[in-house]
Each structure stands twice: as C-alpha cells, then as structure tokens.
Amino acid sequence: MPELPEVETVRRGLEPYVTGAHIDKVTLNRKDLRFPFPEGFKAALEGATIESTGRRAKYLLFRLSTGKTWLSHLGMTGAYRFEDFKFKEPSRYYEPDEDRKHDHLVLELTHPEHGSMKLIYNDARRFGFVDLYEHEADSPYLEGLGPEPLSNAFNAAEMAERFAGKKAPMKAALLDQRVVAGLGNIYVSEALHRAHIRPDIEARTLVLKSGKPSKRLEDLADGVRTVLIEAIDAGGSTLRDFRNAEGNSGYFQHRFAVYDRESEPCPTPGCRGVIKRIVQSGRSTFFCPVCQH
DNA sequence: CCACTAACCTGTAGGC
DNA sequence: TGCCTACAGGTTAGTG
C-alpha cells in the first residue's frame, strides 16, 4: 500500500482524532511484527497523551507528552483504523472490518472532544514495524534518509550530487531512500514517465560533467514533486484494500499514467507508444519506450 | 562503497 | 470447486 502519499494520507486521517488523545491502554496481540515490539513499548504509551503527529519519508511519527516518539512503518499492508468511534457527521461513520486476525496492536484512547475510541493496527504480511525513542533523532531509521521530496531541500542540484558516479539504473537510484525519501515502486515509474526518462539508463548520465544538473534532471525533480502532490490531493492510491483511518479509499490509481498499464496506449499527448513492463531488481517497472529516452 | 539477490509473510488473481 | 504458480505498495541481510 504505502508510499509517501499514502502514508501522508494516513497521517492526515489520524491527526484530528489522535492529537490530544490520552492512551488508556495498549494491547499487543503478538510479540512481533517485522521485528519484536521494542522493550517497554506498551508501558511507554500507556498513560501518555499524543501531542502531535508527523511523517518522514514513509515513517509515521507520534510525539508523546512524555517527550518520547513512537515511530510506525506500514510495510506493504499495514493500516490503521478506528473502532467504537462516533463521528460527528453520521455519513463518516466507519463500519469495522470483519477480518480481525491481523489486528496486531490496539490502543484504547480518550479524546477530550471525540470521547473514547480504539485505534487498531492491522497488517497481514507484517512487513510493518513500530519503534520507540527518547528523542526522535535517536532513530536509526531516520538517519541517512535523503531529502523530503516536497521540501526545499529537494531540487535538481541536490539530486545531481547524489547521482554523480552512480551506475545504477534510474529506477533503482530513485527507489534508494538515501537519494530521495518516500518514493516507492509506483511513483518512481510515474515520475520517470512525467520527465520522459527511461528507467533503465544509468543515473549518472543525467549529471553534467561539472556536477551541475541537466535540464532533464530539473524535469525529473518536477515530475517527482508534481506526482506526489497530485497523489496526496487525491487521497493516495488504492490497490487491493488500502483505506485511510476513516475508512475511505484513495483515488489516484485512476490517474496512473503507466503503473500497471502494460499494453495500454501511452497517455502522453501525441505519443503513439504502448506501455511496456520490465523487471528491474526483481520488481515491475512500467514505461513508454517511445516518449521516455 | 556499490550493485544485486534472497528473504521476510500472507493474500489474491489467473490458468488449468 | 480446487490446486498451483506468480505476484503484490518495502526494507534488510548477505554476497560478490
């Protein structure tokens, strides 16, 4: 499910209901997700209040009144949902899932305005995980991440530095979280199509000799930014069963230009190409062999 | 340091 | 209906 736009959609869905909520009780339905729950996780959360939410790359962050930070990664299939929660507007009332066997973490919350509710983490494949820190800066997962693609720290010149000398294909370079933080398999294909760049050329070929960015790298930075912004505006993409915490699905998948569109005509105006699927480092890449070069 | 593969785990879609 | 295979949004450990 979750690349940067989906994680941001989840954060925005949780934010109004968990900010200011007191954590009354935490239940762990197993001892591990991808990794064991950290030592003292339950005890650290119980009795604390969630003061704010955040996101870095694909990591969700919950800052607690105790000063500690709870980090959550959704892996491939992780999802949060609310239960026992009465929305003020009845149309947004969420019917709980019937399949609870992958409910791994349950937080019982009391919110000053919204009352009591449960926040439940469900994750079929258990590639997700949580962690806990005295200070956010202690997180090994956040260390070494590249710039947030929607911040000023991300631009073509900055990418040029990180692409310099890289023989890896563009696809792999953009998936590398140390280069840009938050892109995944879908949005890499989409961003490269927007910039008309083939996914299988070496990353270093877009850097000029002086180390300065080329026009094509400027286009790529634009492609990354615009696709992420549009996807967030659409509430993320829904493949399989992704829902945000309010039970709504995203709509961006209807706007994929190339992802999962093998054999369909290329949507670039005037282009007569047909979308092709190739496999790079074990994962599908979709692109147009005519307008991407 | 770089580049690539296998592995983690479960569910689902498609072929027969 | 059932059985089998391929594949799925991510990251890490291991190899060369």
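Below, chain A is the first sequence line, B the second, and so on; all start at residue 1.
Taking atom C1' in both C:dG9 and B:dA3, the straight-line distance is 23 Å, to the nearest Å. Remark: the separation of the P atoms in B:dG11 and C:dT12 is 24 Å, to the nearest Å. If you take atom P in B:dC9 and the same atom in C:dG14, they sit 15 Å apart, rounded to whole Å.
If you check every strand for non-hydrogen atoms under 4.0 Å, A:G282 touches nothing. A:F129 comes within 4.0 angstrom of nothing in the nucleic acid, heavy atoms only.
Residues A:L132 and A:A44 share a closest heavy-atom pair of CD2-CB, 3.3 Å. Nearest heavy-atom pair, A:E148 versus A:A57, reported as atom, atom and distance to 0.1 Å: OE2-N, 2.5 Å. Taking all atoms of both residues into account, the shortest heavy-atom contact from A:E108 to A:K118 is CG-CG, 4.0 Å.
Residue A:S284 has a polar side-chain atom (N or O) positioned under 4.0 Å from OP1 or OP2 of C:dA8. For the OP1/OP2 pair of C:dG9 and a distance below 4.0 Å, the side-chain nitrogens and oxygens of A:Y259 include at least one atom meeting the criterion. Listed pair A:H102 / B:dT10 fails the phosphate criterion, with no side-chain N or O lying under 4.0 Å from OP1 or OP2. One finds a side-chain N or O of A:K166 lying less than 4.0 angstrom from the OP1 or OP2 phosphate oxygen of B:dA3. Residue A:K58 places at least one side-chain N or O under 4.0 Å from the OP1 or OP2 atom of C:dT11.
The NZ-C1' distance, from A:K167 to C:dG16, rounds to 15 Å in whole Å. Here C:dA8 presents its P atom at 8 Å from CG of A:N185, a figure rounded to the nearest Å. Rounded to whole Å, atom C1' of B:dA3 lies 16 Å from atom CG of A:D200. Note: CD (A:Q280) to P (C:dC7) measures 15 Å, nearest angstrom. Rounded to whole angstrom, the span from the CG atom of A:L145 across to the C1' atom of C:dG10 amounts to 13 Å. Distance CG (A:D176) to P (C:dT12): 11 Å, rounded to an integer number of Å. Atom C1' of nucleotide C:dG10 and atom OH of A:Y187 are separated by 15 Å, given to the nearest angstrom. B:dC9 atom P lies 10 Å from atom CZ of A:R34, rounded to whole Å.
Considering only side-chain atoms of A:Y141, the nucleotide from B:dA3, C:dT12, C:dA8 that sits closest is C:dT12. If you check B:dC4, C:dG10, B:dG11 against the side chain of A:K101, the one that comes closest is B:dG11.
Donor-acceptor pairing under 3.5 Å, judged by distance alone, is absent between the side chain of A:R283 and the base of C:dA8. No N or O donor and acceptor, one from the side chain of A:R126 and one from the base of B:dT10, sit under 3.5 Å apart.
No hydrogens or angles considered: a donor-acceptor pair under 3.5 Å links the side chains of A:R11 and A:T53.
Nucleotide C:dT5: paired with B:dA13 (Watson-Crick or G-U wobble, both distances less than 3.5 Å). If you check B:dC2 for Watson-Crick or wobble pairing at under 3.5 angstrom, you find it paired to C:dG16.
In the displayed structure, A:K42 atom NZ is contacted under 6.0 Å by more than 12 heavy atoms of other residues, nucleotides or ligands.
In this structure, A:F127 forms no aromatic stack with the base of C:dT11, since the conditions of centre separation below 5.5 Å and plane angle below 30° are not both met.
Summary of the strand contacts: A:F35 and A:R277 both lie near DNA chain C, and taking for each the nucleotide with the nearest heavy atom, the more 5' one is attributed to A:R277.
A:Y121 and A:H104 have tilted rings, their planes meeting at an angle from 30° to 60° on a 0 to 90° scale.
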